[in-house]
Structures are given as structure tokens and as C-alpha cells.
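Shown next, in C-alpha cells, is the structure this report addresses.
In what follows, every chain begins at residue 1, and chains take the letters A, B, ... in the order their sequences are listed.
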4 protein chains.
Amino acid sequence: MAVNTRERVRQAAVKLFATKGFHGTGIRDLAQEAELSSASLYHYMGTKEDLLVAIMNESLRRLLDAAEQATAGLADPVSRLGSLVALHVLAHAIQPEDTRVVDNEVHALTPAARDGVVALRDAYERLWADAIEDGVAAGVFHTDQPSVTRLALVEMCSGVARWYSPRGPLGLDQLASHYAELALRALGCTRPLGSAHLQNCREVVSGVWRVPV
Amino acid sequence: MAVNTRERVRQAAVKLFATKGFHGTGIRDLAQEAELSSASLYHYMGTKEDLLVAIMNESLRRLLDAAEQATAGLADPVSRLGSLVALHVLAHAIQPEDTRVVDNEVHALTPAARDGVVALRDAYERLWADAIEDGVAAGVFHTDQPSVTRLALVEMCSGVARWYSPRGPLGLDQLASHYAELALRALGCTRPLGSAHLQNCREVVSGVWRVPV
Amino acid sequence: MAVNTRERVRQAAVKLFATKGFHGTGIRDLAQEAELSSASLYHYMGTKEDLLVAIMNESLRRLLDAAEQATAGLADPVSRLGSLVALHVLAHAIQPEDTRVVDNEVHALTPAARDGVVALRDAYERLWADAIEDGVAAGVFHTDQPSVTRLALVEMCSGVARWYSPRGPLGLDQLASHYAELALRALGCTRPLGSAHLQNCREVVSGVWRVPV
Amino acid sequence: MAVNTRERVRQAAVKLFATKGFHGTGIRDLAQEAELSSASLYHYMGTKEDLLVAIMNESLRRLLDAAEQATAGLADPVSRLGSLVALHVLAHAIQPEDTRVVDNEVHALTPAARDGVVALRDAYERLWADAIEDGVAAGVFHTDQPSVTRLALVEMCSGVARWYSPRGPLGLDQLASHYAELALRALGCTRPLGSAHLQNCREVVSGVWRVPV
DNA sequence: CATGAATGAGTATTCATTCAT
DNA sequence: GATGAATGAATACTCATTCAT
């Protein structure tokens with residue numbers, strides 16, 4: 001019971017923080033969404049900011065874990081970067097609210113909390129940076145500003161959380177492979193992402209977020 | 001004098017809305033930033049939301065005007081899309097705060113105000129969509145999901161407002177041409193944006209935002 | 001407990017609205033009078049205007065109920081009008097604050113709320129109008145402007161709330177019968193109100209306002 | 001010019017204080033109604049309360065003057081009381097806003113200012129009290145509570161300001177003589193007010209308020 | 001004469017949070 | 001577990017008033 005309630009609170013918070021922003025969400029909004037009194041809410045959370053920090057850390061932790069799983073054992077930079085893109089896109093497509101909270105509400109964090117979030121984010125982006133740098137070194141990627149390119153590609157993929165709808169005509173597979181193609185092309189690479197890698201990403205996502213994908 | 005004060009209020013609002021969000025910015029924060037008492041603030045604005053609406057509409061209006069100027073008379077889809085990318089990137093690099101407000105605070109708008117903002121945004125994206133569709137029809141761009149591609153590219157370029165610093169090593173020219181290259185490559189086009197078009201974009205930006213670029 | 005507190009808030013509001021007017025009464029005055037913090041006040045009320053509306057509707061509702069009870073079954077216009085006068089005067093003498101709020105603060109109401117109050121008021125005055133018209137038709141009252149006369153008499157009786165003090169020399173019985181005499185005389189009727197009817201009014205008042213009279 | 005403007009400010013204040021109450025009327029409302037900037041307002045008045053005090057004192061002063069003129073030289077209590085009633089009613093019918101301010105906004109006065117207003121009011125009511133007491137002594141009026149009766153009659157007549165409209169079917173003459181009849185009847189006196197006295201009241205009112213009546 | 005600018009104190013209302021029950 | 005009650009501090013915004021120009 002308690003576990004479920006705690007989860008309901010978390011989901012209410014994710015939904016509202018994503019929709020109205022952290023500062024735009026009142027504790028009473030949260031209570032209503034979670035179908036609890038506002039006093040009861042405090043059995044399942046610390047402060048409002050604790051809730052935000054937990055959401056952000058968990059979301060980023062999962063993304064990082066998933067990215068590590070998806071690229072574990074991949075030597076080829078094209079496969080690695082393509083997998084990172086596909087995974088990122090899939091994650092943002094199936095968890096758009098969590099993602100938007102992570103992307104948009106950093107400013108609401110206390111400096112201390114922000115440091116932890118930024119550290120996770122940096123670790124995650126390191127995976128992208130390594131893949132790109134390795135690809136450039138291997139001559140399969142072509143860019144004279146690898147960092148700028150990395151930032152551009154990550155932002156491109158994160159944007160998915162702002163518009164993708166599972167009820168639209170575009171399937172997750174198409175979406176992910178389309179983005180992988182865009183990214184690899186932008187890196188000057190014509191080879192597409194192998195469908196085995198895409199399939200692998202789906203499985204990782206499915207496991208990490210415990211959702212059928 | 002009054003004109004200057006009004007402008008100071010606007011700039012304070014842009015800075016704080018971009019940094020702390022609309023709901024995270026108090027009227028007292030605004031007053032302090034504008035070096036006014038909070039009561040005096042109300043000589044220069046309507047409500048806090050009026051200020052937000054004005055900022056958003058002006059910013060989008062300028063972006064749309066600039067985009068129309070930059071592409072006016074360009075028949076070639078490659079030049080048009082490249083110019084849109086360069087212009088978008090330049091605008092986001094020199095006005096990152098305005099831009100972040102427009103991108104992140106739509107949720108804080110009243111439905112009525114939101115409609116106006118969305119209409120401007122749609123008009124702007126129409127320019128991108130036309131350029132991409134024309135390029136595909138002309139066989140110079142290759143994508144089987146033009147709308148998705150458009151969204152991906154716009155998001156990629158908007159991301160600039162979140163990390164670019166004019167004090168960093170990367171110049172505006174390099175930035176813009178790099179993004180134009182990424183975008184054109186992603187569209188399966190190897191031809192780069194001509195430097196004359198880039199120069200034209202700089203001039204348009206310089207005129208519309210009245211800033212030397 | 002909660003019920004008592006709610007009632008305490010209501011009484012504080014009645015007292016202050018009557019004494020200083022609705023707009024002259026601050027939420028802090030209310031809180032102080034009710035011995036609550038101003039934030040706590042909002043557990044027991046909606047807005048300040050909600051409080052005013054509730055006070056007005058309840059007061060008028062009671063007056064209307066009492067008037068209907070006091071005249072129920074009375075066929076004789078002299079008894080009916082005399083009873084209405086006595087009842088009105090008694091109500092205004094024992095509830096002067098509620099009454100003054102109803103009489104003086106209509107201008108502070110939102111149009112929507114005003115409509116409801118005016119409807120109750122009209123229903124109440126209808127009772128007076130009927131009694132007067134019936135008396136004129138029966139030849140026991142003499143006035144060629146029944147509506148004007150009704151307004152004059154109601155205002156005359158309402159005035160009691162502005163000056164009567166239970167600590168003064170005049171008892172409630174004397175007060176009520178004196179006004180009944182004034183009213184009946186003004187209507188050209190020499191027959192006084194029977195003491196049984198006066199007694200009946202006292203009982204109705206006592207029941208409706210739950211106060212020994 | 002200045003004199004006219006000052007008068008315009010006074011009239012704006014009377015209108016708004018009567019309609020929305022003193023505390024419900026803002027200095028900006030006043031400025032708008034007087035077609036002046038709120039700063040300019042202060043050339044023509046002291047504080048907002050000064051304006052209220054002036055309005056009240058002038059209104060009461062005029063009423064007192066008029067009452068003294070109307071009854072000067074009248075020995076007969078019936079004529080005196082009838083004239084007071086007629087005059088009061090006429091004054092309230094043609095100056096309903098001034099009157100409502102006087103009647104309803106006493107609570108908004110500082111104690112010091114209130115004393116002056118109450119003194120004028122007492123002097124005025126003294127005229128009524130004398131006429132009633134003289135009539136009782138002379139055996140033409142019959143009431144065992146002269147003070148209560150006086151209060152009742154004054155309130156009855158003041159009520160006119162709350163409902164009378166010059167655009168309605170009832171003329172001023174009819175109104176005044178109807179009220180005189182009601183009052184005299186209530187005092188147990190069957191003799192009506194002579195039409196010469198009514199005419200005299202009209203002339204006094206016309207002179208004191210400088211309005212054709 | 002007139003007013004734009006300015007403000008300290010005030011407005012009603014909501015905030016996140018605690019705690020006794 | 002759950003919540004009604006409670007509140008100090010904050011919210012956006014308005015007040016009556018002054019004053020330099």
C-alpha cells in the first residue's frame with residue numbers, strides 16, 4: 001500500500017512538474033492529483049524540493065544505466081553513438097514528463113542538489129563525447145567541433161520529449177531509427193544503425209523502465 | 001527617461017524569467033533587479049503576466065521578421081534552410097535569455113495569450129517546413145519524415161541558447177556555419193551554406209536586434 | 001470545535017462589517033476579532049465577499065421565514081401588517097448588526113450575488129405589500145400610494161437598528177407595539193395591534209434567532 | 001475655472017461615496033470621475049477624508065439652514081412639523097447622493113470630525129423634537145414616546161433618498177405631501193399640511209440648493 | 001496648473017510546512 | 001496512516017499621498 005501510494009505521489013509530482021513547472025505546482029495541486037490530503041502527502045515525501053531532487057536523480061540514474069547497458073561491449077563508434085541516440089530518443093518518447101522535468105527544472109534546485117544532478121548529467125554526456133571522439137579518431141565521423149556537435153545532437157534528441165505522442169502515426173522504432181540516421185548523417189557518416197542494435201536498445205529501455213516497448 | 005526605465009524593467013524580467021522561471025520570479029526580485037520599488041514597477045507594466053506575454057510576442061515577432069527578411073527572394077531550398085538555421089542559431093546565441101523564456105515558459109501563459117504565441121510560432125515553423133518540403137521535392141534533401149526532421153533540427157538549433165557563451169572560444173560565424181553544416185548533412189545534402197548567405201544573416205540579425213554582430 | 005470557530009468568524013464579520021463597513025474592514029481586523037491568524041481565517045471561509053454574501057442571505061432568509069411564520073394563517077390585514085411591523089422591529093432591535101450589514105452593504109456585492117439578495121428582499125417586501133393592499137381593499141387602511149407608504153414604513157422600522165439599545169429604558173414590547181401603532185395610524189387605522197399577536201411575534205423571533213426575547 | 005474644477009471634484013466624490021462608499025472609492029476612481037489626474041486632485045482638496053468631512057458638513061449645514069428658514073416664524077406645531085417633514089423629504093429626493101453619504105459614511109470619520117457632524121445632526125433633530133414636544137403639549141399630537149416617534153419619523157423620511165427617482169411617476173409635491181400626511185397621522189393628527197407651507201418649503205429648498213424645484 | 005514618477009504601507013489571498021489527534 | 005487545524009512568511013497587486021518638473 002504505502003509503496004503504491006509513494007509511487008502515486010511521485011507520478012503526480014512528475015506530471016505536474018512537467019506540465020506546470022516546479023514553482024507553478026502547489027502542494028495542494030500535488031495532494032489533489034495524488035488523491036491525498038496535503039498533510040498526508042508529508043508521510044510519503046520530505047519537502048517539495050526533496051521530491052524534485054529524487055525525481056531528477058532517479059531519471060538521470062536510469063538514463064545513465066540504460067546508456068551503459070546499451071553500449072556495453074560495443075567497440076564500434078558508429079554502433080555506440082547510434083545506440084546512444086536510439087536509447088535517448090526512446091527514453092524521451094516513453095517518459096516525456098520525467099524528461100522535461102530533468103531538462104527544465106534544474107533552475108529550481110538548491111546549489112547542493114544541482115551539483116549532484118549536473119554530475120550525473122556530465123557522466124552521461126561523457127558517453128556521447130567518447131563515442132564521437134572515438135569515431136572522429138577512427139575516421140568514421142567528421143566534425144571539427146566535436147563538443148558543439150555533441151551538444152547539438154543531444155538537444156536534437158531531447159526535443160522528442162516536447163512533441164512526440166505515442167498516439168500519433170509514428171512508431172517508436174521508426175522514430176528511433178530516424179533520429180539515428182539524422183545524427184549519423186550529421187556526423188558525416190552514411191552507414192545506418194544496425195537493426196540488431198536498435199532491438200537491443202528497445203530491450204534495455206524495456207528493462208530499465210519496466211515498460212513494454 | 002521613462003522609456004529607459006520601461007526597457008530596464010523588460011530586461012530585468014527577461015533575465016529573471018530566463019534564469020529562475022516565471023513562477024520562480026517574484027515581483028520583489030523584479031523590482032530589485034530593475035532598481036525600483038515594487039510599487040513603482042507597476043507604472044511600467046500591467047500584471048506580471050502582461051510582461052511575460054509582451055516579451056514572448058516581441059521575441060517571436062522579431063524572429064519571424066528576421067527569418068522572413070533573411071529568406072526573402074531566396075528560391076533555392078538549400079540557401080533558404082541554411083539561412084534559417086544560421087539565423088536561428090545567431091538569434092539564440094545573442095539573445096539566449098529571451099529565447100529561453102519563449103521556449104520554456106509557455107506553460108505559464110493564460111490560454112488566450114498562449115494562442116497568440118502559438119500562432120506566431122506556427123508561422124515561423126512554416127518557413128522551415130516549406131524550405132524542407134521544397135528541398136525534398138527538388139531532390140536536394142532526403143528525408144522520409146519531413147515534419148519529424150524539421151522538429152529535430154529546430155530543437156537542435158534552439159539548444160544553442162542553453163549553452164553558448166560569447167566569451168567562449170567559438171565565434172558566432174563558426175557557430176552558425178557549423179550548425180548549418182550539421183543541418184544540411186542531416187538532410188542528406190553535402191553542399192555547404194554559401195558565405196554570402198551567412199553574411200546576409202548577420203546583417204539581418206544586426207538590424208532586427210539592433211546589436212552589432 | 002470547528003463549528004464554533006466558524007461561528008466565531010461569522011460573528012466577528014457581522015460586528016465589523018456593521019461597524020466599519022465591508023470595505024473598511026480588513027482581513028487582519030477580522031482575524032484579530034475572531035482571535036485567529038489571518039491565514040487560519042481561510043479555513044473557515046472562502047473569500048471576504050463569500051462571508052458577506054452568506055451573512056446577507058442568512059439574515060434575509062431568517063427574516064423572511066420569521067415573517068411567514070408570524071403571519072401564517074392571519075386573514076385580517078390589520079393583524080398581518082401589525083405583525084410584520086412588530087416582527088421587523090423586534091428583529092432589528094435584537095440583531096442590529098446583521099441588519100445594518102444587510103441594509104448598508106449591498107453596494108459591496110458582486111452583481112451576481114446582489115441579484116440573490118435583492119430577490120429575497122423583494123419576496124419579503126411582497127408580504128408587506130400584500131397586507132397593505134388587502135387592507136386598502138378591505139377599507140381598513142387609507143392611502144392613495146400604497147407602494148410609497150410601504151417603503152416609508154419599512155424604512156421607518158429598519159431605522160430601529162441604528163439607534164435602539166437593549167440597555168436603554170425602552171423594552172422590546174413597548175418598542176414593537178409603539179411602532180405598530182405608528183404604522184397603523186399612518187395607514188389611517190385606529191385599531192391597535194392585539195397583544196396576542198405581539199406575543200406571537202416574540203415567540204417567532206425567539207425561535208428563529210434562538211434567543212430569548 | 002479653479003472654482004468649477006473644485007466643484008467637479010466635490011460632485012465626483014459625492015457620486016462615488018454614495019454609490020460605492022468612502023472606503024470603496026479609490027483616489028483613482030475619484031480622479032477618473034473628475035477627469036483629472038490623481039496628482040492634480042490634490043490641488044483641489046486636502047486628504048480624502050477632508051473631502052468627506054466637507055461634504056458632510058456642507059450637506060448638514062444646508063439642511064439645518066433650510067429647516068430653520070422653513071419654520072421661521074411658524075408658531076403652530078402642526079405646520080412646523082409638517083414643514084420639517086416636507087423639507088426633509090424634498091431635500092432627500094433632490095439630493096439623494098449627498099444624503100446617503102451623510103447617512104451611511106459616518107463610520108468612516110475620524111472621531112474629531114465625527115463630533116462636528118453629530119453636533120450639526122443634533123441641532124437639526126432638535127427642531128423636530130421641539131415641534132413634536134410642542135404639539136404634544138398643545139394636545140394636537142399624541143405619542144407617549146416623543147423621542148422614539150421622532151427617530152421613527154426621521155428615518156422614515158430619510159429613506160426617500162434610497163428609492164425615489166425624479167424619473168418615476170411621483171412628483172415632488174405629491175411625495176412631500178404624502179409623507180407629511182403619513183407623519184401627521186402617525187402623530188395622531190388628522191389635520192393636513194396646508195399647501196402654502198408646502199409651497200414655502202419648495203421655495204426654501206430651491207434657494208438653499210440653488211435648484212429649480 | 002498639471003502631471004508622470006515614485007513609494008511605504010497596506011490589500012486580500014496563498015504558500016509550504018507542522019502537529020495534535 | 002491519515003487529516004483538520006494552524007500559521008509565519010510570502011504572493012501579486014493597490015493604496016493614498018508627495019514631489020520634482
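- Atom pair A/L41:CG and E/dT18:P shows a separation of 12 Å (rounding to whole Å applied).
- Nearest to the side chain of A/A39, among F/dC13, F/dT17, F/dG4, sits F/dG4.
- Between the P atom of E/dA5 and the CG atom of B/N4 lies a distance of 12 Å, rounded to the nearest Å.
- Remark: the C/Q95 side chain and the C/S59 side chain contain no N/O donor-acceptor pair separated by less than 3.5 Å.
- Summarising the geometry, the separation between CD on D/Q32 and C1' on E/dA2 is reported as 18 Å, rounded to the nearest angstrom.
- The base of F/dA10 has none of its N or O atoms less than 3.5 Å from a complementary donor or acceptor on the side chain of B/R28.
- Computed from coordinates, the B/I27 CD1 to E/dA9 P distance equals 20 Å when rounded to whole Å.
- A salt bridge is defined here as a Lys NZ or Arg NE, NH1 or NH2 lying under 4.0 Å from an Asp or Glu carboxylate O, and C/E33 with C/R8 fails to meet this definition.
- Rounded to an integer number of Å, the gap from CG of A/L51 to P of E/dA16 is 12 Å.
- Nearest-nucleotide positions on DNA chain F place B/F22 closer to the 5' end than the other of D/M45 and B/F22.
- Taking only side-chain atoms of C/S38, from C-beta outward, the nucleotide of E/dG4, E/dT13, F/dC13 with the closest atom is E/dT13.
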(request) Could you go through the side-chain contact (heavy atoms from CB on, under 4.5 Å) check for A/T19 and B/H107 one step at a time? (result) CA-CA 7 Å; A/T19 308; B/H107 69 258; over 6 Å; no

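- Side-chain atoms of D/T99 do not come within 3.5 Å of backbone N or O of D/H92 as any donor-acceptor pair.
- When the nearest nucleotides of DNA chain E are assigned to C/H23 and A/K48 by heavy-atom distance, the more 5′-ward of the two goes with C/H23.
- Looking only at distances, no side-chain donor or acceptor of A/S40 sits under 3.5 Å from a matching main-chain atom of A/L36.
- In the set F/dA5, E/dT13, E/dT7, E/dT7 carries the atom at the smallest distance from any side-chain atom of B/S40.
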(request) Can you run through DNA chain E from 5' to 3' and write each base as (, ), [, ], | or . depending on how it pairs? Watson-Crick or G-U wobble, both distances under 3.5 Å. (result) .||||||||||||||||||||

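- Straight-line distance from the CG atom of A/D29 to the P atom of E/dT14: 12 Å, rounded to whole Å.
- Nucleotide F/dA6 holds its C1' atom 15 Å from the CD atom of C/E35, rounded to whole Å.
- One can place OH of C/Y42 at 18 Å from C1' of E/dA16, the figure rounded to the nearest angstrom.
- Taking a cutoff of 4.0 Å between a charged side-chain nitrogen and a carboxylate oxygen, C/R10 and C/D98 qualify as a salt bridge.
- Considering only the side chain of C/H43, F/dA5 comes nearest among F/dT18, F/dA5, F/dA12.
- B/E105 and B/R100 are not joined by a salt bridge, as no carboxylate oxygen comes within less than 4.0 angstrom of a charged side-chain nitrogen.
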